[in-house]
S.K.: 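Here it is, the structure in full.
Letters A, B, ... mirror the listed sequences (proteins, then strands); counts begin at 1. In what follows, every heavy atom counts, from backbone to side chain, and hydrogens, waters and symmetry copies are set aside.
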Protein chains: 2
Amino acid sequence: MGLTKTEIFTPEQNELSTLMKAIAHPARIAILQQIISANACICGDLVEELGLAQATISQHLKELKNAGIIQGTIEGVKVCYCIEPKTWELLKSLLDSFLGSYKNPASCC
Amino acid sequence: MGLTKTEIFTPEQNELSTLMKAIAHPARIAILQQIISANACICGDLVEELGLAQATISQHLKELKNAGIIQGTIEGVKVCYCIEPKTWELLKSLLDSFLGSYKNPASCC
DNA sequence: ATTTTATATCGCAATATTACGATTATAATA
DNA sequence: TATTATAATCGTAATATTGCGATATAAAAT
């Protein structure tokens, strides 16, 4: 096996898990934090900021882009990455309703 | 390689990614939703609810338990699972500050 | 046109994840 | 005590992820 059974779950469950999976890596969290704190966007500074090889950073950026979380614009030789607002909002609302669906229980097991 | 370089990241980045990773699977999202909607807790009903083998469900439950997201109590032959409020709150606040750190930009690339 | 700079992709090795059947452990029941 | 019900663990196969060196691509500068 080794293959997630996507068919048996709802689109929402699959979508949320895909988005979370894209973020659920310390390097990608660090990349996103950098992109956010650099306000507008950055490029290959990430390779220096984090201690990872250029190929590795590029691969992580690709995954974030595939998930629709970031967006890259070519600026001459460099590529400028920034957050994709729509996906970010989507993730926020999906997570909000998921995490918010749990109300501290009166009693449990 | 194939081994995440945990050392080069902050504890927060590692913690958040660990928690998200534990949740970032449609089966585990479904399991958590079941646990939440069953209000108190459930046990092996999950095997019937979702269309996965008993061993698979048990493994997912173990991962959620290892991450500290759920808690299991033995009740005779059955085991009752429920949300671990502290971890849930932690995740909520970590995600809140992470997702909230991005403010829709005036301009980007 | 050649060189330089920045980024993407390829190919690979190590490790992790996913799913499941089979088996084991444990507690309740007969 | 033997049986039954429930859940955990073992072992295994298939696939995915992580990280990197090497190479390719593309735009800018010389």
Side-chain angles (χ1 to χ4, degrees), chain A residues 1-9 13-14 17-31 34-35 38 41-67 69-82 109, chain B residues 1-9 13-14 17-31 34-35 41-67 70-82 109:
Chain A
M1 309 280 138
L3 186 133
T4 305
K5 283 194 160 179
T6 330
E7 334 84 57
I8 68 172
F9 303 106
Q13 290 167 338
N14 286 317
S17 77
T18 300
L19 286 173
M20 289 189 86
K21 208 173 171 186
I23 295 185
H25 189 287
R28 293 195 287 272
I29 292 178
I31 287 174
Q34 272 292 324
I35 291 182
C41 40
I42 34 172
C43 27
D45 309 334
L46 291 162
V47 180
E48 286 175 39
E49 302 281 355
L50 321 180
L52 292 171
Q54 184 264 320
T56 308
I57 298 287
S58 197
Q59 201 174 273
H60 281 305
L61 286 168
K62 191 182 179 185
E63 274 179 73
L64 288 170
K65 216 163 87 180
N66 282 344
I69 294 169
I70 61 173
Q71 168 201 358
T73 313
I74 300 170
E75 287 191 350
V77 193
K78 303 184 178 181
V79 174
C80 175
Y81 286 99
C82 56
C109 44
Chain B
M1 309 276 142
L3 186 134
T4 305
K5 282 192 160 178
T6 329
E7 332 85 56
I8 68 172
F9 303 106
Q13 290 166 339
N14 286 318
S17 76
T18 300
L19 286 174
M20 288 189 87
K21 207 170 170 188
I23 295 186
H25 190 287
R28 292 195 288 272
I29 291 179
I31 287 175
Q34 272 292 324
I35 292 181
C41 39
I42 34 172
C43 25
D45 309 333
L46 290 162
V47 180
E48 286 175 39
E49 302 280 356
L50 320 180
L52 291 171
Q54 185 264 319
T56 309
I57 297 287
S58 197
Q59 202 174 274
H60 282 304
L61 286 168
K62 192 183 179 184
E63 274 179 71
L64 288 170
K65 216 163 87 180
N66 282 344
I70 63 173
Q71 168 202 358
T73 313
I74 300 169
E75 287 192 350
V77 193
K78 304 184 180 182
V79 174
C80 176
Y81 285 101
C82 56
C109 46

S.K.: Base, sugar-phosphate or nothing for A/S58? Non-hydrogen atoms, less than 4.0 Å.
M.R.: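 Base, at least one base atom sits under 4.0 Å.
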S.K.: Measure the distance from CD1 on A/I8 to C1' on C/dT18 and round it to the nearest whole Å.
M.R.: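 My rounded result for the distance is 12 Å.
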S.K.: Taking the side chain as every heavy atom from C-beta outward, state whether B/I8 and A/L52 have any pair of such atoms under 4.5 Å apart.
M.R.: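 Answer yes - side chains close enough.
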S.K.: Round to a whole Å and report the spacing from CG of A/L61 to P of C/dA6.
M.R.: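 To the nearest whole Å, that distance equals 16 Å.
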S.K.: To the nearest 0.5 Å, what is the distance between CG on A/N14 and OG1 on A/T6?
M.R.: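 Going from CG on A/N14 over to OG1 on A/T6, the span is 5.5 Å.
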S.K.: Do any side-chain nitrogens or oxygens of B/Y81 fall under 4.0 Å of OP1 or OP2 in D/dA8?
M.R.: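 Indeed, a polar side-chain atom of B/Y81 lies that close.
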S.K.: Respond yes when some side-chain nitrogen or oxygen of B/K78 is under 4.0 Å from OP1 or OP2 of C/dA28, and no when none is.
M.R.: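 Looking at the OP1 and OP2 atoms of C/dA28, neither is under 4.0 Å from any side-chain N or O of B/K78.
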S.K.: For the pair made of NE2 in B/H60 and C1' in D/dA8, what is the distance, rounded to whole Å?
M.R.: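 One finds 15 Å between C1' of D/dA8 and NE2 of B/H60, rounded.
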S.K.: If every non-hydrogen atom of A/K21 is compared with every non-hydrogen atom of A/R28, which pair is closest and at what distance?
M.R.: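 So the minimum-distance heavy-atom pair works out to O-NH2, 3.3 Å.
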S.K.: Can you measure B/I42 atom CD1 to D/dT6 atom P for me and round it to whole angstrom units?
M.R.: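 Interatomic distance, CD1 of B/I42 to P of D/dT6: 15 Å.
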S.K.: Whole Å only: how far is the CD atom of A/Q59 from the C1' atom of C/dT9?
M.R.: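 Spelled out: CD on A/Q59 to C1' on C/dT9 is 9 Å.
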S.K.: Other residues, nucleotides and ligands only: do more than 12 of their heavy atoms fall within 6.0 Å of CD on A/E7?
M.R.: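 For A/E7, atom CD is crowded (more than 12 foreign heavy atoms under 6.0 Å).
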S.K.: Below 4.5 Å, heavy atoms only, C-beta onward: do B/C82 and B/I70 meet side chain to side chain?
M.R.: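 They are not in side-chain contact.
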S.K.: Under the criterion side-chain contact (heavy atoms from CB on, under 4.5 Å), I'd like the reasoning laid out for A/L61 against A/I31: C-alpha separation, chi angles, the key distance, then a yes or no.
M.R.: CA-CA 8 Å; A/L61 286 168; A/I31 287 174; 3.8 Å; yes
S.K.: Please tell me if the side chains of A/I42 and A/Y81 come closer than 4.5 Å, counting only heavy atoms from C-beta onward.
M.R.: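 SC-SC contact between A/I42 and A/Y81 ruled out.
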S.K.: Which whole-number value in Å describes the distance from A/K65 NZ to C/dT9 C1'?
M.R.: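 My rounded result for the distance is 12 Å.
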S.K.: OP1, OP2 of D/dC20 versus side-chain N and O of A/T56: anything below 4.0 Å?
M.R.: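 Yes, such a contact exists.
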S.K.: Please list, in numerical order, the residues of residues 18-26 of chain A that have a heavy atom closer than 4.0 Å to any atom of DNA chain D.
M.R.: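 Contacts with DNA chain D under 4.0 Å: A/K21, A/H25.
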S.K.: Quickly work out the A/K62 NZ to D/dT18 P distance and round it to whole Å.
M.R.: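 These atoms are roughly 14 Å apart.
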S.K.: To the nearest Å, give me how far apart CD (B/E7) and P (D/dT18) are.
M.R.: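 Interatomic distance, CD of B/E7 to P of D/dT18: 15 Å.
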S.K.: In residues 45-54 of chain B, which ones come under 4.0 Å of DNA chain C, going by heavy atoms?
M.R.: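 Correct list: B/L52, B/A53.
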S.K.: Counting side-chain heavy atoms from CB outward, which of C/dT18, C/dT7, D/dA8 is closest to B/E63?
M.R.: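 Closest of the options to the side chain of B/E63: C/dT18.
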S.K.: Which nucleotide in the set C/dT7, D/dG19, D/dA7 lies at the smallest distance from any side-chain heavy atom of B/C43?
M.R.: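 Looking only at heavy atoms from C-beta outward on B/C43, the closest nucleotide is D/dA7.
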S.K.: Under 3.5 Å between N/O atoms: give me all the protein pairs with nucleotides 28-30 of chain D, atom names plus distance.
M.R.:
none

S.K.: Locate the shortest heavy-atom distance separating A/I69 from A/A22; write the atom from each residue and the value.
M.R.: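 For A/I69 versus A/A22, the nearest heavy atoms are CD1-CB, 3.8 Å.
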S.K.: Taking the side chain as every heavy atom from C-beta outward, state whether A/T73 and A/V79 have any atom pair closer than 4.5 Å.
M.R.: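 With C-beta onward as the side chain, the pair stays apart.
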S.K.: Would you say the side chain of B/C80 lies within less than 4.5 Å of the side chain of B/C43, judging by non-hydrogen atoms?
M.R.: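 With C-beta onward as the side chain, the pair stays apart.
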S.K.: Parallel, tilted or perpendicular: which describes the rings of A/H25 and B/F9, with under 30° parallel and over 60° perpendicular?
M.R.: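 Perpendicular.
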S.K.: Show your working on side-chain contact (heavy atoms from CB on, under 4.5 Å) between B/K62 and B/N66 and close with a plain yes or no.
M.R.: CA-CA 6 Å; B/K62 192 183 179 184; B/N66 282 344; 4.1 Å; yes
